[in-house]
There are 2 protein chains.
Amino acid sequence: MTVSKAAEKSAEATAKGAEAARARKDAPDDAGEALQLGELSEQLGYVLKRAQLKVFENFLHCMASLQLTPAQFSVLLLVEKNPGRNQTEVASTLGILRPNFVAMLDNLESRDLCARIRSTNDRRSHILVLTDKGKAVLSRAKKLVATKHEARLNELLGGANREALIAMLSKIANEF
Amino acid sequence: MTVSKAAEKSAEATAKGAEAARARKDAPDDAGEALQLGELSEQLGYVLKRAQLKVFENFLHCMASLQLTPAQFSVLLLVEKNPGRNQTEVASTLGILRPNFVAMLDNLESRDLCARIRSTNDRRSHILVLTDKGKAVLSRAKKLVATKHEARLNELLGGANREALIAMLSKIANEF
DNA sequence: CGATATTTGATATGGTCCATAACAATTATC
DNA sequence: GATAATTGTTATGGACCATATCAAATATCG
């Protein structure tokens, strides 16, 4: 920004709200008046967070019939892929702190989706396994995610872009 | 779960768990034993959330000297770009609920970064403006973000990919 | 072996963010 | 001019995240 422009801006700004308000009121149709996002729409963190909220919202909507949150779905997926691991291992790979993982497992276990089993090798640890119901629910959940959730992303971005997006996000998650 | 089913599960699971544990112990180098992420690494929500956490973490680190959170930065940016708007307008464009916006503004105002001004048109509303200090801090914040934060993304993805990523995330945020 | 340290699941607790209800002051509507 | 709607605010509760701490079990080391 040039100096003169800055001066103009400053003067305009000191006269500030009143003038801006009048200018808006003089506009043809004075209903919506959306704010200018400006540089915000280029900020990685801003757009990333808003996209994440939208995706989670859609995920919850798709999973309404199964009552699974994204976090719960990730636990079921991980336990299915890695049976016989204990709470500490599963929690830490998901970035969940052990204390906070307890209530989460209490919930899944109370719904008979997974089970804690005392390890015979190390009687301190609880080994995690999916129940039959847990496997069935997870199977249905996967189908719902594929057909309703990820399919939505495909029709929005296209398959190639979808893969590129996942790859870039993974890179950020792992190397940033 | 029925009693009989529980008993079956318990037996099957203990066997599977022990088997898996032995299998891992027989592995060549038995140190880390990272879990298999499996389909999780392809889940949009999962990778999106983890990327967002990493980006926010890096943002806070870059902003340590200015003590600005991503949300605070977004408020300053929006108020700078749209002077003379009231709390409701600014909060709603950022997806912040008015009640929660109050404490946020209290904080920024107590640090003399922005100011609430009673509107003369509508004495209910408070018009938001950046203070001189607020403008100066925001200016420094922008430089920090550009040189330390977004630059990091550029060297990780490359400029073209960075723009493509922002564009796709924006599309998701707006059209998903 | 036995004393000490570490690990595991769990509880308690506090902080932050998000969401809703309700309120006084002000303005809009009829 | 009575009623409804809006603005900023407070109070409050829930969800999520982080730390300290504990008992039980195991590992470590003298």
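Order of the sequence lines fixes the chain letters, A, B, ..., with proteins taken first and strands second; residue numbering starts at 1 for each chain. Keep in mind the model is a prediction, meaning the values are calculated, not measured.
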Looking at the rings of F73(B) and Y46(A), which for Trp means the six-membered one, are their centres under 6.0 Å apart?
no
Is it true that E175(A) and K54(B) make a salt bridge, defined as a side-chain N closer than 4.0 Å to a carboxylate O?
no
Contact class for R98(B) vs. all strands (heavy atom < 4.0 Å): base, sugar-phosphate, or nothing?
base
Salt bridge present between K142(A) and E80(A) (N-O < 4.0 angstrom):
yes
Gap between atoms CZ and P, on R123(A) and dA23(D) respectively (whole Å)
18 Å
Distance in angstrom units between L128(A) CG and dT8(C) P, rounded
13 Å
Should L77(A) and Q43(B) be marked as a side chain to side chain contact (heavy atoms under 4.5 Å, CB included) after you check the CA-CA gap, both sets of side-chain angles, and the distance that decides it?
CA-CA 10 Å; L77(A) 266 184; Q43(B) 286 293 325; 4.2 Å; yes
First encountered from the 5' end of DNA chain C, between P99(B) and R118(B):
P99(B)
Interatomic distance where CD belongs to Q87(A) and P belongs to dA25(D) [whole Å]:
15 Å
Find the distance M104(B):CE to dC17(C):P and express it as a whole number of Å.
8 Å
Does the base of dT7(C) carry an N or O that pairs as donor and acceptor with the side chain of R124(A) under 3.5 Å?
yes
Rounded to the nearest Å, what distance is computed from the CG atom of residue L53(A) to the C1' atom of nucleotide dC16(D)?
13 Å
Once you round it to whole Å, what is the distance between P of dG9(C) and CG of N121(A)?
13 Å
OP1 or OP2 of dT9(D) sitting under 4.0 Å from any side-chain N/O of R116(B)?
yes
5'-most contact on DNA chain D (nearest-nucleotide basis), D122(A) vs N100(A), goes to N100(A)
Atom pair distance, as rounded to whole Å: CG in N86(A) and C1' in dT6(C):
15 Å
Quick check: on DNA chain C, is the nucleotide nearest K49(A) upstream (toward 5') of the one nearest H126(A), or the reverse? Name the residue that is more 5'.
H126(A)
Given atom CD of Q52(A) and atom P of dC18(C), what is their separation to the nearest angstrom?
10 Å
Among dA10(C), dT9(D), dA19(C), which nucleotide has an atom closest to any side-chain atom of L97(B)?
dA19(C)
Taking OP1 and OP2 of dG8(D), is either one under 4.0 Å from a side-chain nitrogen or oxygen of T88(B)?
yes
Treating Ile, Leu, Val, Met, Phe, Trp and Tyr as nodes and any side-chain heavy-atom pair under 4.5 angstrom as an edge, say whether L156(B) and L48(B) lie in one connected cluster.
yes
